[in-house]
Amino acid sequence: MKIAIVGAGIAGPTLAYWLWRYGHEPTLIEKAPRLRTGGYVVDFWGGGYAVAERMGLADELQAAGYVVQEVRLVNENSRRLGGFSTESFRRNLDGRFVTVSRGDLAAAIYGLIDHHVETLFGESVSAVTQHDSGVRVTLESGQSRQFDLLVGAGGIHSPVRNLVFGQESRCETDLGYRVAALEADGYQPRDELVYLAYTMPGRMIARFAMRGEKTLLFFIFTADRMSGPDPQDVSQAKTALRQVFGDAGWECREILRHVDAAADVYFDRASQIILDRWSNGRVVLIGDAAAAVSLLAGEGAGLAMVQAYILAGEISAAGADHQDAFRRYEQRLRPIVEARQRSARGFGAMFAPRTALGLWTRNQASRLLNITPLADWIVRREFRDDIALPEYVG
């Protein structure tokens, strides 16, 4: 079948790879003029790691990624207040755990399909028309294309979902936090392989040293700390960060200097997408477009790869019966995704507790992960992901 996939992040190229492997003709449609690079780092494990292994990417991701040694929570004088070693994660996840730039993960996946799968960069979908034998997709450029199926993989702000399933406001749950991230050049000091965070009530700022003298700067804060609407461009995002963190101590003055110098700033709501159905006729959603768990949950990239793998397998197994493929895909994954969403709703208080008491409690609780038996139990209970991947025959 000819299958259009809108979004060339993580889920879209993963789906394109497996569809191509099974003999279909996927076409990727991406609004950006080229593959997106950089971005925040993600902890990668579980089902997504297993999919990456089946794609032959595990060694490449380990080489491109980081083996983080410690999460360190500090006060305004950089004195340690809490935190933990990450050894229990590697031990209880069988070593199949790596911290990797989202851009590096996307590039590794896309590298497998480059020159094999048609990609339309700099294009966006403006209209979708379904009929008995297919889907007509109209692009912003005015071009119109006919496909058998259409997949929305465009993230939490999916244009396909907005066109076919209704506006974002109908399915988005705002968790009450805002997140931002950027890569800073030449930031000092550097604490190699340490995720270091400074937190005030309702606000957290963290840094992580990356290769090439780059440092990832990550911000999270409660939405009520920001006056006015959410930023709509990089300049407004910088203004919002200066407003929220301008009076903060620690390294914030130097960090905001790097914010001012940044060419790009990622800024978004910490939100979840909750839909009654992930498909409508010949259109289906995957990844954050279908069921975002939010940045607070972690494992979003891995879940997107699992969704892509299973959707491609079910489409291949179902032959011409796309409705059965969509039904089986959702039945397999909805319970897993909804469980992650429930867990994530309480994670905001772990990143940016709203009160001084909550902050003190978070810091003390983090120390428990340094007690080996307790840390092993927590990691196995809360983080071990034993999603059983079906075997599909292409």
**OP:** Among Tyr40, Tyr266, Phe245, Phe267, find the residue that satisfies the ring pair (Phe, Tyr, Trp, His ring centres under 6.0 Å) test when tested with Phe219.
**Re:** Phe245

Original post:
Side chains of Arg242 and Thr239: do they bring a donor and an acceptor to under 3.5 Å?
Top reply: yes

**OP:** Would you name the heavy atoms of Ile310 and Arg332 that are closest together and state the gap between them?
**Re:** CG2-CD, 3.8 Å

Subject >> Option among Arg257, Glu254, Glu251 that satisfies the side-chain hydrogen bond (donor to acceptor under 3.5 Å, both in side chains) test with Tyr187 >> reply: Glu251

**OP:** Flag this pair as yes if the NZ/CZ of Arg354 is under 6.0 angstrom from the six-membered ring centre of Tyr177 and inside a 45 degree cone about the axis; otherwise no.
**Re:** yes

Subject >> Any side-chain donor near an acceptor of the partner, Thr173 and Gln272, under 3.5 Å >> reply: no

Original post:
Does Tyr66 have Arg211 sitting over its ring (NZ/CZ under 6.0 Å from centre, angle to axis within 45°)?
Top reply: yes

**OP:** Could you list the residues that satisfy side-chain hydrogen bond (donor to acceptor under 3.5 Å, both in side chains) with Trp250, not counting sequence neighbours?
**Re:** Ser78

Subject >> Side-chain H-bond candidate by donor/acceptor type, Tyr392 with Glu314, under 3.5 Å >> reply: yes

Subject >> Any residue meeting side-chain contact (heavy atoms from CB on, under 4.5 Å) with Ile371, in chain and number order, not counting sequence neighbours >> reply: Leu368, Pro373, Leu374

**OP:** Using the test side-chain contact (heavy atoms from CB on, under 4.5 Å), find all partners of Val98 that sit at least two apart in sequence or belong to another chain.
**Re:** Phe44, Tyr49, Gln62

Original post:
Quick one: do Glu30 and Arg36 make a salt bridge, cutoff under 4.0 Å?
Top reply: yes

Original post:
To the nearest 0.5 Å, what is the distance between CG (Leu120) and CG (Leu139)?
Top reply: 6.5 Å

**OP:** Compute the centroid of each ring, for Trp45 and then for Phe89, and state whether the two points are separated by less than 6.0 Å.
**Re:** no

**OP:** Compare every heavy atom of Val337 with every heavy atom of Ala291, then report the nearest pair and how far apart it is.
**Re:** CB-CG1, 3.4 Å

Subject >> SB check Arg327 Asp321 (cutoff 4.0 Å) >> reply: no

